[in-house]
Amino acid sequence: MAILRRPQYRDEFEIAIICGLKVEFDAVEALFDEVWEDNGAHAYGKAAGDPNAYATGLIGKHPVVLTYMPGLGKAIAGRVAASLRSSFIGIKLGLVVGICGGVPENEDEDEILLGDIVISTGIVEYDFGQQLSDQFFRINDKEMTLGRPNHEIRAFLAKMSGYRCRTKLRENTCTYLAGLSAKEGFESLRYPGADQDKLFRPAYLHKHCDNRCNINCTVCVDHRGDAICDTALGLSCTELGCDDDEQITRSRLEKIKGAIGGSDVPVAPPYGGVGVHSPRIHFGAIASGDLTMKSSYHRDNIAATENVIAFERTAAGIWDNFPTVVIKGVCDYADGHKDEIWEQYAAATAAACMKGFLKEWVTADKPVRGDAVDAGNSSLYYMDLWSALATAMQDRFNDKRV
Ligand SMILES: [Zn+2]
Ligand SMILES: [Zn+2]
């Protein structure tokens, strides 16, 4: 059997994972097959001046370095990515993994539900432009905006978005999701329930209601206007009393309700596999910027003009530092109606999909370094070709003797 070893140096890491929230980081780290930072025994250190904190380990057959952003937004993401690149100079793939706002109905894809996963085929920096007196003008000059993914990533995404690979990716995602829910500390990880997946009519805003909740809010009271008070912005739909009759009916959601009811259930069917409520995976362009999108009107306008399927706040800052793919679970519809009950589930589906994604990702062959030594562990990483060859020759020799 071939001898495999873990990286000896930082520059041998090729895959970085960046998370912006603790719930995202926890889900990703829980899916490591090995963690190499325990007790500092295998710490790889970092470059002088790098303020990031890292976790290193193995996911499937890939060594990965995971880092956590101390805040959200493009500027912080850019600083984190630049520091990461100074310490880990061999990074060839950056995965931004976590939660996002989804565009529920879009041109190319089937309907997106909460907990579904979006994988970026491109990034649109939708808040980069000029604010004119009557409108915002987005700059999309090729010299000044983010480019498309490199050839290797485009080719891989094209393959993965095909029916066979996408089906396999979904199956593997469900397997890893079920495994995550069985881990200590993830006992509360459940599918929150189809009844909690609420998409309201775009014109119905998340604000104090006028006739049912007896709250005399002078800001929200004008339902013909768009003004929403600060109190309402900080409340969930349940706390605010948003009217369920204002929801849009969606066929896929109705099928889930018909099959398993509306309440929360385990993330995977009892006998494994893909359930009717299991997340689907959508490939498309993702809008990234400093704004948190909380307006169905602006969401739909940008989705229509830029053909994006989700909104998030990290990738635009990472993009220029190394080739990037965004893998995010949908935790809301970017419309102001919010319930945090989907965050853990969406972070978990994204992390599970990330692991399924890496299962298919192939790194290029590398020459064995002259100074490489076997680290003496079972990590499935670096194949010792001489050892493999010797084993194969011994097997052939034994076969002939029989
Ligand atoms: Zn109000
Ligand atoms: Zn609401």
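Just so you know, ligand 1 is whichever comes first in the structure, and atom 1 is the first atom listed for that ligand. None of these values were measured; they are calculated from a predicted model. No hydrogens, no waters, no symmetry mates; every other heavy atom, side chains included, goes into these values.
Centroid-to-centroid, the aromatic rings of Tyr333 and Trp342 stay 6.0 Å apart or farther. A centroid separation of less than 6.0 Å is found between the aromatic rings of Tyr54 and Phe88.
The atom name of the N/O/S atom in His208 closest to the Zn ion (ligand 1) is ND1. Minimum-distance N/O/S atom of His206 relative to the Zn ion (ligand 2): ND1.
Partner of Lys355 under the side chain to side chain donor-acceptor pair (under 3.5 Å) criterion, out of Thr173, Thr175, Asp33, Asn172: Asp33 alone.
Using bins of under 30°, 30° to 60° and over 60° for the plane-to-plane angle, the ring pair Tyr345/Tyr191 lands in the perpendicular bin.
Rounded to 10°, the angle formed at the Zn ion (ligand 2) by Cys237 SG and His337 ND1 is 100°.
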